[in-house]
Peer 1: 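Pasting a structure here, questions to come.
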Amino acid sequence: MTSRPQATRTRKPPGERRAEILHTAARIALDEGLERITLRRVADELGVRPGLIGHYFPAADDLVSEAFAHAAAQERNTLLPPGAHEADRSPTARLAGFLVRLTGADCLDLSRLWLNARHLSRFKPGLRATVREQESLTRTALTGLVEEGVRRGEFRTDDPLGAALHILVTVDGLGAYANDDIGSSDDAGDSDDLNHPSLQDLALTVAEHRLALTPGLLRAAAI
């Protein structure tokens, strides 16, 4: 009796499999929130057994922390690329693009993710350390952009780090409303207040003030 040939499974290299898991978990975090990341949920998304996910991430909290870091790093590299990759764009144009996109509707998922991560980090020390690390990396990248703008004579400030902090705290303040259905009306009738033009350009206005730029320059530079 001839035996039936066994189907062979192709095993992915560990590095590739780990990256696939992180990418999937990060997508879940952006779409639905960090609380929805579980070993079983990621396994279901990839069509594998939860034990495989557990092999790479024995503790679910480690997967949550790394998924957040992965998502935050990807978005930062998209919104605020390193200078070497932006040689043809001025610091003014790069800052304008960063602020307009980051405070726009397209980045609501990212704002919600940061809001979500900061809340959960109260209860998860590992996530808290990761949030601080990602904050530091973003702060360093923005400070570097401001310093480059000063060297090129586009920005004027004696305190690049202070300017970057003012800008980022403003962005974070706006992000605190990321879970509101901006533009929709509710029983209280006050959600439309969040559409006020002064709020829409608040981050740009703060940046222009701190960097001695002409009012309206950053909005125009982003077009």
Side-chain angles (χ1 to χ4, degrees), residues 30-31 71-83 85-119 131 134-186 188-223:
L30 281 165
D31 291 346
Q74 278 195 319
E75 295 299 329
R76 180 176 54 253
N77 290 334
T78 298
L79 293 166
L80 198 61
H85 300 289
E86 292 280 274
D88 296 333
R89 298 181 68 211
S90 69
T92 300
R94 285 153 56 192
L95 177 62
F98 168 68
L99 291 176
V100 169
R101 293 175 62 192
L102 185 59
T103 57
D106 290 344
C107 281
L108 271 178
D109 285 346
L110 179 61
S111 296
R112 288 169 179 148
L113 177 63
W114 273 97
L115 195 60
N116 184 204
R118 286 182 171 125
H119 171 68
V131 168
Q134 292 303 314
E135 287 174 335
S136 177
L137 289 170
T138 299
R139 188 164 55 246
T140 298
L142 183 56
T143 302
L145 176 57
V146 172
E147 290 172 341
E148 182 182 350
V150 171
R151 287 194 300 270
R152 293 194 186 187
E154 296 181 27
F155 305 154
R156 284 190 291 124
T157 179
D158 295 328
D159 185 7
L161 174 58
L165 286 170
H166 269 76
I167 293 168
L168 290 173
V169 167
T170 303
V171 169
D172 288 340
L174 293 170
Y177 296 94
N179 288 331
D180 289 19
D181 293 324
I182 296 177
S184 66
S185 59
D186 56 20
D190 57 5
S191 63
D192 285 342
D193 292 345
L194 296 177
N195 281 326
H196 195 283
S198 66
L199 289 183
Q200 292 177 352
D201 278 353
L202 182 59
L204 301 177
T205 301
V206 169
E208 288 166 350
H209 174 71
R210 286 302 311 240
L211 302 176
L213 297 172
T214 302
L217 177 64
L218 291 177
R219 174 64 67 181
I223 298 176

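Just so it is clear, the values below take in all heavy atoms, side chains as well, and ignore hydrogens, waters and symmetry mates.
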Peer 1: Closest approach of Ala221 and Ala96, non-hydrogen atoms and distance?
Peer 2: CB-CB, 3.9 Å
Peer 1: Would you check if the side chain of Glu154 reaches a backbone N or O of Thr92 as a donor-acceptor pair within less than 3.5 Å?
Peer 2: yes
Peer 1: Measuring from Arg94:CZ to Leu145:CG, what's the distance to the nearest 0.5 Å?
Peer 2: 5.0 Å
Peer 1: Do Leu115 and His119 have side chains that get closer than 4.5 Å, going by heavy atoms?
Peer 2: no
Peer 1: Quick one: CD1 on Ile167 to CZ on Phe98, what's the gap to the nearest 0.5 Å?
Peer 2: 8.0 Å
Peer 1: Do Arg210 and Val146 touch side chain to side chain, with heavy atoms closer than 4.5 Å?
Peer 2: no
Peer 1: Atom CG of Leu30 and atom CG of Leu113: how far apart are they, to the nearest 0.5 Å?
Peer 2: 5.0 Å
Peer 1: From Leu142 CG over to Leu168 CG, what is the distance, rounded to the nearest 0.5 angstrom?
Peer 2: 5.0 Å
Peer 1: Any ion pair linking Glu135 and Arg139 (charged N to carboxylate O, less than 4.0 Å)?
Peer 2: no
Peer 1: Do you know which two heavy atoms are closest between Leu99 and Ala207, and how far apart they sit?
Peer 2: CD1-CB, 3.7 Å
Peer 1: Do the side chains of Asn179 and Arg112 get nearer than 4.5 Å, heavy atoms only?
Peer 2: yes
Peer 1: Please report the closest heavy-atom contact between Ala72 and Trp114, naming both atoms and the distance.
Peer 2: CB-CZ2, 4.1 Å
Peer 1: Does any part of the side chain of Glu75, heavy atoms only, come nearer than 4.5 Å to the side chain of Leu102, both counted from C-beta?
Peer 2: no
Peer 1: What closest approach, in Å, do Ala212 and Arg156 show between heavy atoms, and which atom pair accounts for it?
Peer 2: CB-NH2, 3.5 Å
Peer 1: Judged by atom type as modelled, is there a donor-acceptor pair below 3.5 Å linking the side chain of Thr214 to the main-chain atoms of Leu217?
Peer 2: no
Peer 1: Calculate, to the nearest 0.5 Å, the distance between atoms CG and OG1 belonging to Leu108 and Thr103 respectively.
Peer 2: 10.0 Å
Peer 1: Can you give me the closest heavy-atom contact between Glu147 and Pro160, atom names plus distance?
Peer 2: CG-CB, 3.6 Å
Peer 1: Under a 4.5 Å cut-off applied to non-hydrogen side-chain atoms, are His209 and His166 in contact?
Peer 2: no
Peer 1: Going from CG on Leu110 to CD on Gln74, what distance comes out if it is rounded to the nearest 0.5 angstrom?
Peer 2: 11.0 Å
Peer 1: Under the side-chain contact (heavy atoms from CB on, under 4.5 Å) rule, what do Leu95 and Leu211 come out as? Steps first, then yes or no, please.
Peer 2: CA-CA 11 Å; Leu95 177 62; Leu211 302 176; 3.5 Å; yes
Peer 1: Between Glu208 (side chain) and Leu218 (backbone), is there a donor-acceptor pair under 3.5 Å?
Peer 2: yes
Peer 1: Of all heavy-atom pairs between Arg219 and Gln200, which one has the smallest distance, and what is that distance?
Peer 2: NH2-O, 3.9 Å
